[in-house]
Asks: 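Quick one: the structure is below, and I'll ask about it shortly.
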Amino acid sequence: MSLNRELAARFKTMATVLQLLGESGFKVNANLKVADVLDQLVEDVSTIDDATSIDGIGKGSATKIKEYIETGKMADYDALIEQIPSGLLDVLKVQGLGPKTVQRLWKEANVVDLTTLQEAIDDGRLLALPRMGQKTIDNIKDSLEFIQSSSGRTNIGVAIPIAESLVSQLSNLQGVTQCEFAGSLRRGCETIGDIDILLSTSEPETAIEYFCSMPNVTKVLVAGDTKCSVRIEEGMQCDLRVIDEEQYGAALLYFTGSKSHNVFMREVAIKQGRRLNEYGLFKDDSKDSTPPQSRGIEPIAAQCEDSIYEALNLAWTPPELREENSLDGDGIPSLITASDVKCDLHCHTTASDGTMSIEELAEEGIKRGYHTIAVTDHSQTQAQANGLSPERLVKHIKAIRNVNEQYSEITVLAGSEVDILPDGTLDYEDALLEALDIVVASPHAALKQNPDEATARLCKAIEHPNVHIIGHPTGRIIQKRAGLEPDMIQLFEAAVKHNTALELNAHSLRLDLRDWHIRSAVKHGVSIAINTDAHRPTDFEQLRFGIATARRGGLEPKSCINCFNANELSKWLNQKR
DNA sequence: GCCGTTTTCGGCCCGACTGTTTTCAGTCG
């Protein structure tokens, strides 16, 4: 784990422990924010002279960070975790159990981890506690079971089709006028905790009843007049909010989040003598705790999101940029969209481990209106993927050129996804690489290399005169494999110097580079390639996930080589020839 | 613990739902 991530984990743990010890929520939030900031920081924090220069990190945290960098220890952290049993942190993850209750379970029922929690339920210790009834216990039992059977967050590639199916079912109900998903899914996060769906309808009861009784619902968690939550077979929680049409924009804004964006928006509102909530933006500078809409105050803006931003004198912010630290004051970038993409430069055929022939690949490209598609099968070291020997590659190049002759609508490039070997050399001789139209160099093995070796390895490939693109630079697989952790800044500088593009691999399990890599890469002036790495026709649909990640990173079409027209691309490729 | 276009002290977003209460604390998003 990198230093930034190690530190982030420590601050997160400290926040949780502080919560359990009953410390002020503001202190807890401050620590969580430090964790968040460190998690998203591209530069190694040890290279930053004064950590307080980073927004969200104050004097106290900066001292702790410095101590950890210099000594590998953090006295305050050690002192904190000593104060509670370590297993108590897991107990806090049980849905329905918050810090207050966990503290009581610990002090009054000797619950120290998930096992003792189960024991306390079984032997009746829990039921004996005040304010602890059978229903609460049943809910805890159920959450415990869920924790044991679930892996936590769900990949966007799994969640989006489910969310879209839910939206389409609900949209068909009588009376429904608007319906869409919000939350982290709308912000394009790579994994999500739950699916949030918003809906306007003239028949709320019908919608809620339908939602709670869908065939894949395994449990109804909450069912009120305006909101209900269910757990579905796929293991996710889905929330439905029924919204008045006039307040739809305010609700969409609120339920899209992120939490920190909501806090930001509300603070802006307060400074202007207004109040923002999920029902609208209100003129209200009173200290009255009764919500303005309950006091008969009419909203200034509520029906659509942009009217609220406008009323607050803010530019409408695309959902993907509504995160902590997404914007750096340079205004809202003109984010890339899927329709800006005009080519795919990383695809496989049956020659290695794909299912499409060269012709089928070309047809798929034409279907999508691409001017160019690159055939980049695996190189010889990738034996398990049927990687091509030099002799096979020579024949393959000829076959690709033949196919290219057959099509006037699309250019089929002869390329290779050549392995970057652990020492940074490539899997084919230079002469063979020179014969290709395009070279995507990717790491596939030795992905546990230390950061220094990984940096040297990838930089060497970036500097190679025949390499156009570094494919999935870290090799991470979301929730499965951390991949390489090179010094990204060095990679970006080398990429700019040698005019080598770095790939954002669009596959929903890769999304590599990640959103915060892209943000930093863009600032450095790196050219980004967004490719699907298609092995079968349906893989082209993965482009949307790459686009979502790119947008989260603030990528504009001008920085993405897949948005070049045919001439620009050809010129760019030929710079390396 | 962090922060400052009223502030270096005194704030820090806001509402729905549940369960066990008899008026509300706790949790969640």
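Note that the coordinates shown come from a computational prediction; the quantities given were computed from them, not determined experimentally.
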Asks: Using every non-hydrogen atom in the two residues, find where A:V34 and A:G56 come nearest and quote the distance to one decimal.
Replies: CG2-O, 3.4 Å
Asks: Can you work out whether A:G133 or A:C228 has the more 5'-proximal nearest nucleotide on DNA chain B?
Replies: A:C228
Asks: In whole angstrom, give me the gap between the C1' atoms of B:dA16 and B:dG11.
Replies: 26 Å
Asks: A:L126 has an atom CG; how far is it from atom P of B:dT20, in whole Å?
Replies: 11 Å
Asks: Pairs under 3.5 angstrom only: tabulate donor-acceptor contacts from the side chains of residues 159-178 of chain A to other protein residues two or more places apart or in another chain.
Replies:
{"from": "A:E164", "atom 1": "OE2", "to": "A:R544", "atom 2": "NH1", "distance (Å)": "3.4"}
{"from": "A:E164", "atom 1": "OE2", "to": "A:R544", "atom 2": "NH2", "distance (Å)": "2.6"}
{"from": "A:S165", "atom 1": "OG", "to": "A:Q169", "atom 2": "NE2", "distance (Å)": "3.2"}
{"from": "A:Q169", "atom 1": "OE1", "to": "A:Y210", "atom 2": "OH", "distance (Å)": "2.7"}
{"from": "A:S171", "atom 1": "OG", "to": "A:V167", "atom 2": "O", "distance (Å)": "2.6"}
{"from": "A:N172", "atom 1": "ND2", "to": "A:S168", "atom 2": "O", "distance (Å)": "3.2"}
{"from": "A:T177", "atom 1": "OG1", "to": "A:S200", "atom 2": "O", "distance (Å)": "3.3"}
{"from": "A:T177", "atom 1": "OG1", "to": "A:E245", "atom 2": "OE1", "distance (Å)": "3.3"}
{"from": "A:T177", "atom 1": "OG1", "to": "A:E245", "atom 2": "OE2", "distance (Å)": "3.4"}

Asks: Specify the separation, in whole Å, of atom CD1 of A:I208 and atom P of B:dA16.
Replies: 13 Å
Asks: Considering only atom P, compute the distance from B:dC2 to B:dT6 and round it to an integer number of Å.
Replies: 24 Å
Asks: How close do A:L41 and A:W516 get, heavy atom to heavy atom, and via which atoms?
Replies: O-CZ3, 4.0 Å
Asks: Using the C1' atom in both, what is the distance from B:dT27 to B:dT20, to the nearest Å?
Replies: 14 Å
Asks: Output the rounded distance in Å from NZ (A:K33) to C1' (B:dG1).
Replies: 11 Å
Asks: Report yes if at least one side-chain N or O of A:Y279 is closer than 4.0 Å to OP1 or OP2 of B:dA16; otherwise report no.
Replies: yes
Asks: Please write out the pairs of protein N or O atoms and N or O atoms of nucleotides 5-8 of chain B separated by less than 3.5 Å, giving the distance to one decimal.
Replies:
none

Asks: Need the pair for B:dT8. Rule: Watson-Crick or G-U wobble, both distances under 3.5 Å, any strand; none if unpaired.
Replies: none
Asks: Can you tell me how far C1' of B:dG29 sits from CD1 of A:I243, to the nearest Å?
Replies: 13 Å
Asks: What integer number of Å spans the P atoms of B:dG4 and B:dC13?
Replies: 15 Å
Asks: In this structure, how many angstroms lie between the C1' atom of B:dC13 and the CD atom of A:Q272, rounded?
Replies: 15 Å
Asks: Compute whether any side-chain donor of one residue and acceptor of the other, for A:T52 and A:D50, lie under 3.5 angstrom apart.
Replies: yes
Asks: Nearest whole Å is fine: how far is B:dC12 C1' from A:D55 CG?
Replies: 14 Å
Asks: Distance check: side-chain N/O of A:S24 vs OP1/OP2 of B:dG1, anything under 4.0 Å?
Replies: no
Asks: Does B:dC17 have OP1 or OP2 sitting under 4.0 Å from an N or O in the side chain of A:S229?
Replies: no
Asks: Closer than 3.5 angstrom, by distance alone: can the side chain of A:D515 be matched with the main-chain N or O of A:R552 as a donor-acceptor pair?
Replies: no
Asks: Using the C1' atoms only, state how far B:dT5 lies from B:dG1, rounded to an integer number of Å.
Replies: 23 Å
Asks: Using the C1' atoms only, state how far B:dT21 lies from B:dG26, rounded to an integer number of Å.
Replies: 12 Å
Asks: Would you please confirm or rule out a distance under 4.0 Å between OP1 or OP2 of B:dC2 and any side-chain N or O of A:S61?
Replies: yes
Asks: How far does the C1' atom of B:dC17 sit from the matching atom of B:dC12, given to the nearest Å?
Replies: 25 Å
Asks: Looking at A:E323 and A:R551, is any side-chain nitrogen of the basic one under 4.0 Å from a carboxylate oxygen of the acidic one?
Replies: no
Asks: Would you kindly check whether a donor in the side chain of A:Y254 faces an acceptor in the base of B:dG15, or vice versa, at under 3.5 angstrom?
Replies: no
Asks: Test the A:R231-A:F146 pair against the cation-pi criterion, namely NZ or CZ under 6.0 angstrom from the six-membered ring centroid and within 45° of the ring axis.
Replies: yes
Asks: For A:G56, answer base if it contacts any base atom (sugar-phosphate contacts may also be present), sugar-phosphate if it contacts only those atoms, and nothing otherwise; contact means non-hydrogen atoms under 4.0 Å.
Replies: sugar-phosphate
Asks: Check this for me: does any side-chain nitrogen of one of A:R295 and A:D284 sit under 4.0 Å from a carboxylate oxygen of the other?
Replies: yes
Asks: Indicate whether OP1 or OP2 belonging to B:dC13 is found under 4.0 Å from a side-chain N or O atom of A:N277.
Replies: no
Asks: What's A:K27 touching, base or sugar-phosphate or nothing? Going by heavy atoms closer than 4.0 Å.
Replies: base
Asks: Does the pair A:E145/A:K219 count as a salt bridge with the N-to-O cut at 4.0 Å?
Replies: no
Asks: Check this for me: does any side-chain nitrogen of one of A:K93 and A:D90 sit under 4.0 Å from a carboxylate oxygen of the other?
Replies: yes
Asks: Counting side-chain heavy atoms from CB outward, which of B:dG19, B:dA16, B:dT18 is closest to A:V222?
Replies: B:dT18
Asks: On DNA chain B, nearest-nucleotide positions of A:P130 versus A:L276: which is more 5'?
Replies: A:L276
Asks: What's the gap between B:dT23 and B:dC28 when it is taken at their P atoms, as a whole Å value?
Replies: 25 Å
Asks: Choosing from B:dG19, B:dC13, B:dA16, which nucleotide comes nearest the side chain of A:F26?
Replies: B:dC13
Asks: Give one of base, sugar-phosphate or nothing for A:A269, where a contact means two heavy atoms less than 4.0 Å apart.
Replies: nothing
Asks: Between B:dC14 atom C1' and A:Q247 atom CD, what is the distance in whole Å?
Replies: 14 Å
Asks: Checking contacts here: which listed nucleotide (B:dC14, B:dG1, B:dC17) is nearest the side-chain heavy atoms of A:I270?
Replies: B:dC14
Asks: Rounded off to whole Å, could you give me the CG-to-P distance for the A:N262 and B:dC14 pair?
Replies: 11 Å
Asks: So which nucleotide from B:dG15, B:dA16, B:dC2 ends up closest to the side chain of A:T226?
Replies: B:dA16
Asks: Less than 4.0 angstrom from a charged side-chain N to a carboxylate O is my criterion; do A:R514 and A:E190 meet it?
Replies: yes
Asks: Which part of the nucleic acid, if any, lies within reach of A:Q134 when heavy atoms closer than 4.0 Å are counted: base, sugar-phosphate only, or nothing?
Replies: sugar-phosphate
Asks: Of the options B:dC13, B:dG19, B:dG29, whose atoms approach the side-chain atoms of A:D239 most closely?
Replies: B:dG29
Asks: Looking only at heavy atoms, what is the nearest atom pair of A:L240 and A:A207, with distance?
Replies: CD2-O, 4.1 Å
Asks: Could you go over nucleotides 25-28 of chain B and give all protein N or O partners under 3.5 Å, atom names and distances?
Replies:
{"from": "B:dG26", "atom 1": "O3'", "to": "A:T101", "atom 2": "OG1", "distance (Å)": "3.1"}
{"from": "B:dT27", "atom 1": "OP1", "to": "A:G98", "atom 2": "N", "distance (Å)": "2.7"}
{"from": "B:dT27", "atom 1": "OP1", "to": "A:G98", "atom 2": "O", "distance (Å)": "3.0"}
{"from": "B:dT27", "atom 1": "OP1", "to": "A:T101", "atom 2": "N", "distance (Å)": "2.9"}
{"from": "B:dT27", "atom 1": "OP1", "to": "A:T101", "atom 2": "OG1", "distance (Å)": "2.3"}
{"from": "B:dT27", "atom 1": "OP2", "to": "A:K100", "atom 2": "N", "distance (Å)": "3.3"}
{"from": "B:dT27", "atom 1": "O5'", "to": "A:G98", "atom 2": "N", "distance (Å)": "3.4"}
{"from": "B:dC28", "atom 1": "OP1", "to": "A:G96", "atom 2": "N", "distance (Å)": "2.7"}

